[in-house]
Asks: 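Below is one structure. I have some questions about it.
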There are 2 protein chains.
Amino acid sequence: MESSDIKKAGLKLTLPRVKILEILEKSERRHFSAEDVYRNLIDEGEEIGLATVYRVLTQFESAGLVSRHHFDSGHSVFELNQGAHHDHILCVRCGKVDEFVDETIEKLQHDIAERAGYQMTDHVLYIYGICADCQKDTG
Amino acid sequence: MESSDIKKAGLKLTLPRVKILEILEKSERRHFSAEDVYRNLIDEGEEIGLATVYRVLTQFESAGLVSRHHFDSGHSVFELNQGAHHDHILCVRCGKVDEFVDETIEKLQHDIAERAGYQMTDHVLYIYGICADCQKDTG
DNA sequence: ATGTAAATGAAAACGCTTCTCATTACTATT
DNA sequence: AATAGTAATGAGAAGCGTTTTCATTTACAT
Ligand SMILES: [Mn+2]
Ligand SMILES: [Mn+2]
Ligand SMILES: [Zn+2]
Ligand SMILES: [Zn+2]
């Protein structure tokens with residue numbers, strides 16, 4: 001993933017788009033709210049508006065560069081599209097996000113859609129629980 | 001499900017609560033937004049505020065009478081808790097909601113949580129697609 | 001019937017996201 | 001390199017579903 005991908009997506013190469021892409025790829029973290037990205041920019045001294053962050057992330061989504069998740073109800077979480085499809089397991093205590101792939105579940109989902117007469121376009125699987133670390137911390 | 005369930009839940013038996021429960025159980029439809037419930041009440045001539053609808057649905061959720069889903073990002077969808085746990089398959093064209101149960105997936109989810117060190121509390125599985133009817137309607 | 005705490009409706013506030021619009025920055029062309 | 005033309009940006013307003021506030025009403029135990 002490089003800035004050239006921005007051009008490939010038919011988007012002009014602008015400073016906000018380059019910086020936002022950098023943050024998504026450089027960080028050890030993989031899942032960001034728009035606010036997360038915005039704060040990262042501010043911390044780096046970039047004066048980029050929150051509206052632009054939302055706009056650019058939405059454009060990146062349309063271009064297939066990032067995916068948008070709705071882990072809890074309230075807000076969107078964005079993730080760079082690198083590596084294969086995967087699902088998520090989330091800690092309800094500390095907010096940690098882990099990833100997993102299960103081919104059996106993937107296949108079963110297709111079977112279910114087919115049996116129900118649906119032409120499947122997408123699916124969402126979130127597992128919620130208490131992570132190992134949080135289980136240690138006083139129940 | 002009867003009005004006595006409202007009392008069992010430790011809630012006073014009030015007209016809004018009775019009417020809302022009636023709508024949830026009488027309708028052929030099973031999945032309602034708060035607005036859906038509100039409009040049903042208005043159509044029946046009941047003058048119940050939208051704030052009360054939200055309050056009551058949230059109370060019903062806490063009492064275990066209804067579940068809340070977040071099918072698309074924007075808003076909550078409520079469903080009476082009758083019958084066993086199930087997951088959902090949704091038409092992205094017409095909004096139809098179908099239900100399914102798959103014990104293999106249920107078990108695999110538990111296995112995944114365990115393997116990841118999580119104590120599972122909940123899970124969400126939505127399959128999105130185009131339903132049989134909508135596939136007929138010109139691509 | 002009466003008292004008291006809980007529930008209600010209307011409107012305001014809320015949090016996240018999108019829109020508006022005047023200004024600025026890209027890019028292609030000269 | 002200067003210019004023109006179009007797309008992108010930032011600030012703030014607006015939008016939307018939902019929650020909160022608060023004065024009034026209601027349920028229910030006495
Ligand atoms: Mn992920
Ligand atoms: Mn259902
Ligand atoms: Zn945790
Ligand atoms: Zn359909």
Side-chain angles (χ1 to χ4, degrees), chain A residues 3-23 31-63 65-79 95, chain B residues 3-23 31-63 65-79 95:
Chain A
S3 53
S4 66
D5 290 309
I6 293 173
K7 280 194 169 166
K8 279 181 205 153
L11 299 168
K12 279 192 191 170
L13 200 62
T14 63
L15 188 137
R17 303 214 255 238
V18 171
K19 289 297 175 189
I20 290 172
L21 187 55
E22 273 182 22
I23 283 172
H31 305 91
F32 296 84
S33 69
E35 273 283 333
D36 291 335
V37 173
Y38 177 66
R39 268 196 294 272
N40 270 292
L41 290 167
I42 297 302
D43 291 350
E44 294 181 6
E46 301 295 340
E47 304 208 334
I48 294 172
L50 182 56
T52 300
V53 173
Y54 274 105
R55 258 187 308 241
V56 168
L57 287 172
T58 301
Q59 291 159 348
F60 283 2
E61 184 190 15
S62 300
L65 294 180
V66 310
S67 319
R68 183 195 301 250
H69 307 294
H70 303 283
F71 290 148
D72 50 38
S73 57
H75 60 301
S76 297
V77 170
F78 300 86
E79 162 177 34
Chain B
S3 53
S4 66
D5 290 309
I6 293 173
K7 281 194 169 166
K8 278 180 205 155
L11 299 169
K12 281 190 191 174
L13 201 60
T14 63
L15 189 136
R17 303 214 257 237
V18 171
K19 288 297 174 189
I20 290 172
L21 187 54
E22 273 182 22
I23 283 173
H31 305 91
F32 296 85
S33 70
E35 273 283 333
D36 291 335
V37 172
Y38 178 66
R39 269 196 294 273
N40 269 292
L41 290 167
I42 297 303
D43 291 350
E44 294 182 4
E46 300 295 339
E47 303 207 335
I48 293 172
L50 182 55
T52 300
V53 172
Y54 274 105
R55 259 188 306 240
V56 168
L57 287 172
T58 301
Q59 291 159 348
F60 283 2
E61 184 190 16
S62 300
L65 294 180
V66 310
S67 318
R68 181 194 303 249
H69 307 294
H70 303 283
F71 289 147
D72 50 38
S73 57
H75 59 301
S76 297
V77 170
F78 299 86
E79 159 177 33

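In what follows, chains carry the letters A, B, and so on, assigned in the order in which the sequence lines appear, proteins first and then strands, with residues in each chain numbered from 1.
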Asks: Looking at side-chain heavy atoms only, is the closest gap between A:Glu35 and A:Leu50 below 4.5 Å?
Replies: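 Result yes, sub-4.5 Å side-chain heavy-atom pair found.
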Asks: For A:Asn40, does its backbone N or O pair with a side-chain atom of A:Asp43 as donor and acceptor, under 3.5 Å?
Replies: no
Asks: Nearest-nucleotide wise, let me know which of B:Arg68 and B:Leu11 is further upstream toward the 5' end of DNA chain D.
Replies: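 Closest to the 5' end, via its nearest nucleotide, is B:Arg68.
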Asks: Could you tell me the separation between the CD atom of A:Glu61 and the P atom of C:dT17, rounded to a whole number of Å?
Replies: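 Result: 12 Å.
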Asks: What's the closest nucleotide to the A:His75 side chain, out of C:dC16, C:dA7, D:dT9?
Replies: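 Given the options C:dC16, C:dA7, D:dT9, the side chain of A:His75 is closest to C:dC16.
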Asks: Provide, to the nearest angstrom, the distance between the NZ atom belonging to A:Lys7 and the C1' atom belonging to C:dC26.
Replies: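 About 10 Å, once rounded to whole Å.
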Asks: In whole angstrom, what separates A:Glu35's CD from C:dT17's P?
Replies: 9 Å
Asks: How close or far is atom P of D:dA27 from atom CZ of B:Arg17, stated in whole angstroms?
Replies: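 About 11 Å, once rounded to whole Å.
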Asks: Whole angstroms only, please: what is the CZ-C1' distance between B:Phe78 and D:dG17?
Replies: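 Whole-Å distance recorded here is 11 Å.
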Asks: Do B:Thr52 and B:Arg55 have side-chain N/O donor and acceptor atoms under 3.5 Å apart?
Replies: yes
Asks: In whole angstrom, give the distance that lies between atom CZ of B:Phe71 and atom P of D:dG17.
Replies: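 Computing the B:Phe71:CZ to D:dG17:P distance gives 17 Å.
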Asks: Roughly how far, to the nearest 0.5 Å, is CG of A:Leu13 from CG of A:Leu15?
Replies: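 Answer for the CG-CG pair, A:Leu15 versus A:Leu13, is 9.5 Å.
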Asks: How far does CG of B:Leu57 sit from OG of B:Ser62, to the nearest 0.5 angstrom?
Replies: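 Separation between the atoms: 11.0 Å.
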Asks: In whole angstrom, give the distance that lies between atom CD1 of B:Ile48 and atom P of C:dG9.
Replies: 6 Å
Asks: Write down the atom of B:Phe32, the atom of B:Ile23, and the distance for their closest heavy-atom approach.
Replies: CZ-O, 4.0 Å
Asks: Mind checking the CD-CD1 spacing from A:Glu47 to A:Ile42? Nearest 0.5 Å is all I need.
Replies: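 Rounded to the nearest 0.5 Å, the CD-CD1 separation comes to 7.0 Å.
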Asks: Indicate whether OP1 or OP2 belonging to C:dT17 is found under 4.0 Å from a side-chain N or O atom of A:Thr58.
Replies: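 No, because none of the side-chain N or O atoms of A:Thr58 sits under 4.0 Å from OP1 or OP2 of C:dT17.
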Asks: Looking only at the side chain of B:Lys12 (C-beta and beyond, no hydrogens), which of the listed nucleotides C:dA7, D:dT19, C:dT18 gets closest?
Replies: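 Closest of the options to the side chain of B:Lys12: C:dA7.
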Asks: Among residues 36-44 of chain B, which contact DNA chain C at a heavy-atom distance under 4.0 Å?
Replies: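 Going residue by residue through residues 36-44 of chain B, none turns out to have a heavy atom under 4.0 Å of DNA chain C.
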Asks: Contacts to DNA chain C from residues 50-57 of chain A, heavy-atom cutoff under 4.0 Å, which residues?
Replies: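 Only A:Ala51, A:Tyr54, A:Arg55 qualify.
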Asks: State whether the side chain of A:Arg17 and the backbone N or O of A:Lys12 hold a donor-acceptor pair below 3.5 Å, judged by distance alone.
Replies: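 The answer is yes, because a donor-acceptor pair under 3.5 Å joins these two groups.
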Asks: Is the closest side-chain heavy-atom distance between A:Ser67 and A:Glu61 below 4.5 Å?
Replies: no
Asks: Nearest 0.5 Å, please: how far is CD1 in B:Ile20 from CD in B:Gln59?
Replies: 9.0 Å
Asks: Have a look at A:Ser76 and say if it touches a base, only the backbone sugar-phosphate, or nothing, with a 4.0 Å heavy-atom cut-off.
Replies: sugar-phosphate
Asks: By nearest heavy atom, map A:Leu15 and B:Gly10 onto DNA chain C; which one lands nearer the 5' end?
Replies: B:Gly10
Asks: What's the closest nucleotide to the side chain of A:Pro16 if the choices are D:dT9, D:dG17, C:dT27?
Replies: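 Of the options given, the side chain of A:Pro16 lies nearest D:dT9.
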Asks: Answer with base, sugar-phosphate or nothing: what part of the nucleic acid does B:Glu47 contact at a heavy-atom distance below 4.0 Å?
Replies: sugar-phosphate
Asks: Atom NZ of B:Lys19 to atom P of C:dT8: distance rounded to whole Å?
Replies: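 Interatomic distance, NZ of B:Lys19 to P of C:dT8: 14 Å.
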Asks: Taking only side-chain nitrogens and oxygens of A:Thr14, does any of them come within less than 4.0 Å of OP1 or OP2 of D:dA7?
Replies: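 False: A:Thr14 side-chain N/O out of range (4.0 Å or more) of D:dA7 OP1/OP2.
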